[in-house]
Amino acid sequence: SWAVRRSGTGARPRNLGTVAKQGDRPRVLPAQPLRSAVQILLMVAVLWGVEFYDDITPPAGDLELNGIQPRDPNGLDGVLWAPLLHGGWDHLVSNSVPLLVLGWLVLANGPRQFVAVTATVWLAAGLGTWLIAEPGTTHVGASGVAFGWMVFLLVRGFFLGSCAQILVAAVLFFYWGGMLWGVLPGQPDISWQGHLCGALGGLVAAWLVSRNTRGPGKPSAPGTLAA
């Protein structure tokens, strides 16, 4: 996420989708890889379309003013719009590859779970930023969602007791583990609050998925970690 200074002035989903039918194991990779790739490409294409529209409609860059404005009631609706907005093409390009790869992996267990996990992360990142970020700033960008997806993928294998998913988590950590430093303050114009709250949303989403997963011969129950 990206934060700029301004001059002047939900309910958590109860069911994060059925991961697998009883007797099946949760998937690590999408069952239909090409279809999932098209779906995530379309999602990222929407972000590029929004940035293009922002560029060609005068005054350019004004859409960013619809981002999250912490502790300002008038900026609360930015929770819905902020992940769709970016602070320029460089910002969008830097987010696109993680969104494509991580989003494709989150689609492994179907669009229903993908939507529920993304909604949890989206709201956690947005509401958390609105509550804890510095007033007088505006926060935009989809990196909070990317951080949430990353943490979801990193921890779901441990919650589910799945060796295959833990292996995927290890590969992801090897390539993108450094991005987790983005949850710490200190980098100018970087919304570490969005990163941190998105990551916490991913943790919550992984826990909720584990509670709703049926393992082989195991009933779904609170605290049950399916294989």
Side-chain angles (χ1 to χ4, degrees), residues 1-6 29-30 33-69 78-108 114-115 117-119 121-126 128-129 133 137-154 168 171-199 201-202:
S1 295
W2 185 76
V4 295
R5 295 190 176 274
R6 291 184 288 117
L29 300 176
L34 183 57
R35 180 177 179 180
S36 296
V38 171
Q39 289 170 337
I40 196 63
L41 277 169
L42 288 174
M43 179 177 174
V44 174
V46 169
L47 305 184
W48 282 69
V50 170
E51 186 63 24
F52 180 72
Y53 176 82
D54 192 25
D55 257 9
I56 64 173
T57 53
D62 261 13
L63 285 182
E64 293 154 18
L65 300 178
N66 294 293
I68 299 166
Q69 298 170 10
V79 170
L80 299 177
W81 315 125
L84 303 174
L85 309 172
H86 288 80
W89 289 105
D90 288 345
H91 186 203
L92 176 57
V93 168
S94 68
N95 281 343
S96 293
V97 173
L99 288 171
L100 288 169
V101 175
L102 300 174
W104 184 77
L105 290 170
V106 175
L107 276 163
F114 173 84
V115 169
V117 169
T118 301
V121 169
W122 193 301
L123 291 175
T129 299
T137 58
T138 301
H139 297 248
V140 296
S143 54
V145 174
F147 269 76
W149 285 348
M150 176 71 168
V151 170
F152 172 79
L153 293 167
L154 286 176
V168 170
V171 173
L172 287 174
F173 188 80
F174 177 78
Y175 280 100
W176 275 320
M179 73 183 283
L180 296 177
W181 291 108
V183 303
L184 300 177
Q187 301 181 61
D189 295 332
I190 298 297
S191 179
W192 64 268
Q193 299 93 339
H195 297 169
L196 174 62
C197 295

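Just so we're clear, the structure is a prediction, and the values are computed from it rather than from any experiment. The first residue of the sequence shown is numbered 1, and numbering continues consecutively from there.
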Output, in order, the C-alpha distance, side-chain angles, deciding distance and verdict of side-chain contact (heavy atoms from CB on, under 4.5 Å) for Leu65 and Asp62.
-> CA-CA 6 Å; Leu65 300 178; Asp62 261 13; 4.0 Å; yes
Given side-chain contact (heavy atoms from CB on, under 4.5 Å), test Leu63 with Tyr53 step by step and report yes or no.
-> CA-CA 9 Å; Leu63 285 182; Tyr53 176 82; 3.8 Å; yes
Take Thr138 and Ile68 through the test side-chain contact (heavy atoms from CB on, under 4.5 Å) and record every step on the way to the result.
-> CA-CA 5 Å; Thr138 301; Ile68 299 166; over 6 Å; no
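One finds the CG atom of Leu92 at 10.5 Å from the CG atom of Leu85 (value rounded to the nearest 0.5 Å). Between the CG atom in Leu172 and the CZ atom in Phe152 there is a gap of 12.0 Å [rounded to 0.5 Å]. With rounding to the nearest 0.5 angstrom, the OG atom of Ser96 is 7.0 Å from the NE2 atom of His86. Here CH2 of Trp104 is found 5.0 Å from CG of Leu29. Values are rounded to the nearest 0.5 Å. The structure places CH2 of Trp149 at 10.5 Å from CG of Leu105, a figure rounded to the nearest 0.5 Å. Between atom NE2 of residue His195 and atom OG1 of residue Thr129 there is a gap of 9.0 Å, rounded to the nearest 0.5 Å.
In this view, Val46 and Val50 satisfy the side chain to side chain contact (heavy atoms under 4.5 Å, CB included) rule, not counting sequence neighbours. Take Val115 and apply the side chain to side chain contact (heavy atoms under 4.5 Å, CB included) test, not counting sequence neighbours, and it matches no residue. For Ala124, there are no side chain to side chain contact (heavy atoms under 4.5 Å, CB included) partners, not counting sequence neighbours. Residues that satisfy the ring pair (Phe, Tyr, Trp, His ring centres under 6.0 Å) test with Trp48, not counting sequence neighbours, are Trp89. Applying the side chain to side chain contact (heavy atoms under 4.5 Å, CB included) test to Leu41 and every residue at least two apart in sequence or in another chain returns Leu100.
For His139 and Ser191, the side-chain atoms include at least one donor-acceptor pair closer than 3.5 Å.
The main-chain N or O of Gly78 is never found under 3.5 Å from a side-chain atom of Asn66 such that the two would form a donor-acceptor pair.
Between Leu107 and the options Val117, Ile40, Leu102, a side chain to side chain contact (heavy atoms under 4.5 Å, CB included) holds for only Ile40.
Nearest heavy atom pair, residue Gly201 against residue Val121, reads C-CG2, 3.9 Å. Closest approach of His91 to Gly87, counting heavy atoms only: ND1-N, 2.9 Å. In plain terms, the two heavy atoms of Gly103 and Phe114 that are nearest each other are O-CE1, 3.7 Å. Nearest heavy-atom pair, Pro83 versus Ala142, reported as atom, atom and distance to 0.1 Å: O-CB, 3.3 Å.
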